[in-house]
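Structure first, commentary second.
Everything numeric here is computed off the predicted structure, so don't read it as measured data. Protein chains get the first letters and strands the later ones, always in sequence-line order, with residue 1 at the start of each. Reckoned from all heavy atoms, side chains included, excluding hydrogens, waters and symmetry mates.
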Amino acid sequence: MLLRSFCLYFHVKDLLLSPIYTFSRRISISPSSNLKTLCSNGQLNEALLQMAILGSEMKFEGYDTILNQCVSQRAIREGQRVHAHMIKTCYLPPVYLRTRLIVLYNKCDCLGDAREVFDEMPLRNVVSWTAMISAYSQRGFASQALNLFVAMLRSGTEPNEFTFATILTSCIGSLGFQIGRQIHSIVIKRNYESHMFVGSSLLDMYAKSGRVHEAHGVFQSLPERDVVVCTAIISGYAQMGLDVEALKLFRQLQSEGMHSNYVTYASVLTALSGLAALNHGKQVHNHVLRSGQSLNVVLLNSLIDMYSKCGNVCYARRIFDHMSERTCISWNAMLVGYSKHGMGGEVLELFKLMREENKVKPDSITYLAVLSGCSHGQLEHKGLEIFYNMADGKDGIEPDIEHYGCVVDLLGRVGRIEEAFDFIRKMPYVPTAAIWGSLLGSCRVHSNVDIGIIVGQKLLEIEPENAGNYVILSNLHASAGKWEDMRNIRDLMQEKAVIKEPGRSWVELDQIVHTFHASDHTHPRREEVARKVKELAIKFKEEGYVPNLSCVLYDVDEEQKEKVLLGHSEKLAMAFWLIAAPEGATIRVIKNLRVCVDCHSFAKFVSKLYARTIILRDKNRFHNIVGGICSCGDYW
DNA sequence: TTAGGGTTAG
């Protein structure tokens, strides 16, 4: 029943009595006309009339010609008439033609009809099995594709390189990885491991499952590599967040003479977006323009994303405005760009433009971008209005748990903590750690100790490995004077041996990315940088800077805590910039985690006392700090 | 006749 619902049109058997079919018998066709000529001229309707006249005289060649034309035109109604004609004239199509029907039905989104043809086949070969497996795989029915692959092996039909390349694309993700590995062993046994298409599918399966070593191993073992294989490994690295490795490999392969196409560039731009390496991004953009590569919509979408994630949202908008064709992803990339910069007004204006233009329908991601844009832009009334109109509005998009998460953020941000708590309890989804974490952050900012403690306890149960939760909860206990509880939480944190992802910040100066780790011991100018941070702290304290010791995870004395704070990577990156960059240059710092409250305050002092603009990108958003004021409104 | 890599969100 589920499969039948994929058929957008009526069943082939209904067409036996179709008025057009009956009418066609009364039309006279010139004898010189034949199916081949009509099809090659794209005259499919005329070809159908010819088929009707020929009746049971239709043979393999005629069906083959007309079906091929239906496939290339994605002409489902016409294809169904051909199928109906076969049934009516009692023609028994060979495997080849039945496979063409499977392909046609798949291309036209009629998966149920494709399966019906497959089930009714008296004989099947590797191509028909692969065509049906591919149909399931392309439509996202991975388990059906896998079941059919197993059935194929049991039937004794040997898979070929097409089958392996197809089935491996169904094994993407954590669930499919174990099966993917089993299929890999079958690939080895059948000697298909060196095949380029099979290899790129294997590589991609491992990369998308986060198995970097396996992906690299497949890449190394391939005797031949083309642009697709090279792009698969670069894109795999970028998708796994290994941006530096992706770029290194891109450069290495380029120096070895690799040919790049738009997919390669899009993957490289993803890596550059992750690094926020604006100058490198500009270089790639120039390289694309010089290479004569056409700037298609995918590449332009990647450029919008790269420029906005590198802090240059105006340039992203210029590209967006000059696009001759935009997809939903183009709009989403631009909306996300504005949202991450806290530009709520621009988000709403662009969303309005999208609706007015009415060429592209907003999707679920558009709504996520708009709601988070309202949240970061402190436009909670507008955000709530959009959320409550989502499902009933003309787009008819049912909010999912992430949209609910945006509302929790919207309410919490403006201090409507009780409402946010109530909203979570009433929503039709089980709240995730991210949602409770968002509310806990609001409780911290708005000092709501009572709800904060309840939420914090819930979080410790579902996310015991997250160190940040222990710290916020312990601080909430401390602010309520519950010292015993505070100590218990600290002990619990030690006991659970929670590991915090190490903080890392970087700046790009003269095309070189300088990375700093917390209490850095690696950068060549680390001693000079550490002295500069101390000097800044003394200067800022005279102007009112008070180190926020609650940001320190460790249970050490106050002097030690201050030392830890001064070692935070974003402070080191800013100090390095003040030492090494030209006078007055904008400070662009990227951090892998969310910026801590103390570093945020420190950055505001830098911007004010050194008259610098600071563009600080953390894990969630941009902080544009000018004259001691941040675009996030001190809430992030 | 059937195959491989890509752009937004989290």
_Any A:Lys309 side-chain N or O less than 4.0 Å from OP1/OP2 of B:dA9_ = yes
*A:Leu67 has an atom CG; how far is it from atom C1' of B:dT2, in whole Å?*
16 Å
*Can you tell which of B:dG4, B:dT7, B:dT2 lies closest to the side chain of A:Ser201?*
B:dG4
_Protein-nucleotide distance (A:Phe219, atom CZ; B:dG5, atom P), rounded to Å_ = 16 Å
*Choosing from B:dG5, B:dA3, B:dA9, which nucleotide comes nearest the side chain of A:Val336?*
B:dA9
*asked:* With a 4.0 Å limit, can you tell me whether A:Gln138 has a side-chain N or O closer than that to the phosphate oxygens OP1/OP2 of B:dT2?
replied: no
_Listed nucleotide nearest any side-chain atom of A:Glu402, set B:dG5, B:dT7, B:dG10_ = B:dG10
*asked:* For B:dT2 and A:Arg100 - does any side-chain N or O of the residue sit under 4.0 Å from the phosphate oxygens OP1/OP2?
replied: yes
*Pick base, sugar-phosphate or nothing for A:Val95, based on heavy-atom distances below 4.0 Å to the nucleic acid.*
nothing
*Between B:dG5, B:dT1, B:dA9, spot the one nearest the side chain of A:Asn125, thanks.*
B:dT1
*Taking everything shown except A:Glu356 itself, do over 12 heavy atoms lie less than 6.0 Å from its CD?*
yes
*Within 6.0 Å of NZ in A:Lys359, more than 12 heavy atoms from elsewhere*: no
*Have a look at A:Asn160 and say if it touches a base, only the backbone sugar-phosphate, or nothing, with a 4.0 Å heavy-atom cut-off.*
base
*Write down the distance between CG (A:Leu168) and P (B:dA3), rounded to a whole number of angstrom.*
14 Å
_Atom-to-atom span, CE of A:Met390 to C1' of B:dA9 - whole angstrom_ = 12 Å
*For A:Gln293 and A:His287, does a side-chain donor sit closer than 3.5 Å to a side-chain acceptor?*
no
_Closest to the A:Ile329 side chain, choosing from B:dG4, B:dT7, B:dA3_ = B:dT7
*Just checking A:Asn261: base, sugar-phosphate only, or nothing, at a heavy-atom cut-off of under 4.0 Å?*
base
*asked:* Once hydrogens and angles are ignored, does a donor-acceptor distance under 3.5 Å link the base of B:dG5 to the side chain of A:Thr231?
replied: yes
*Reckon A:Thr169 touches a base, only the sugar-phosphate, or nothing at all at heavy-atom distances under 4.0 Å?*
sugar-phosphate
*Just compare B:dG5, B:dT7, B:dA3 and give me whichever is closest to any side-chain atom of A:His195.*
B:dA3
_Under 4.0 Å, counting only non-hydrogen atoms across every strand here, what does A:Val229 touch: a base, just sugar-phosphate, or nothing?_
base
*Looking across every strand, which nucleic acid part, if any, lies under 4.0 Å from A:Tyr262 by heavy atom: base, sugar-phosphate, or nothing?*
base
*Interatomic distance where CD belongs to A:Glu161 and C1' belongs to B:dT2 [whole Å]*: 10 Å
*For the side chain of A:Lys340, starting at C-beta, report the closest nucleotide among B:dA3, B:dA9, B:dG4.*
B:dA9
*Show your working on side chain to side chain donor-acceptor pair (under 3.5 Å) between A:Ser302 and A:Asp305 and close with a plain yes or no.*
CA-CA 5 Å; A:Ser302 302; A:Asp305 181 55; over 6 Å; no
*Using a 4.0 Å heavy-atom cut-off across all strands, classify A:Thr270 as base, sugar-phosphate, or nothing.*
sugar-phosphate
*Of the nucleotides B:dT1, B:dG5, B:dT2, which one has an atom closest to the side chain of A:Ser134?*
B:dT2
*asked:* Over all strands shown, is A:Ser235 touching base, sugar-phosphate only, or nothing at heavy-atom distances under 4.0 angstrom?
replied: sugar-phosphate
*Would you indicate which nucleotide in B:dT7, B:dA9, B:dT1 comes nearest to any side-chain atom of A:Asn301?*
B:dT7
*In whole angstroms, how far is the C1' atom of B:dG4 from the CD1 atom of A:Ile172?*
10 Å
_Regarding A:Met334, tell me which of base, sugar-phosphate or nothing describes its non-hydrogen contacts under 4.0 Å with the strands shown._
nothing
_Near-parallel close stack of A:Phe197 and B:dA3 base (under 5.5 Å, under 30°)_ = no
*Report the distance from atom CD1 of A:Ile183 to atom P of B:dG4, rounded to the nearest whole Å.*
14 Å
*Within 45° of the axis and under 6.0 Å from the centre of the six-membered ring of A:Phe219, does NZ or CZ of A:Arg225 qualify?*
yes
*asked:* Tell me whether the NZ or CZ atom of A:Arg318 lies within the 45° cone about the ring axis of A:Tyr315 and under 6.0 Å from its centre.
replied: yes
*For A:Asp409 and B:dG10, give me the distance from atom CG to atom P, rounded to whole Å.*
11 Å
*Determine, for A:Phe118 and A:Arg98, whether the Lys NZ or Arg CZ falls below 6.0 Å from the six-membered ring centre while staying within 45 degrees of the axis.*
no
*Would you indicate what A:Asn68 reaches in the nucleic acid, counting non-hydrogen atoms under 4.0 angstrom: base, sugar-phosphate, or nothing?*
nothing
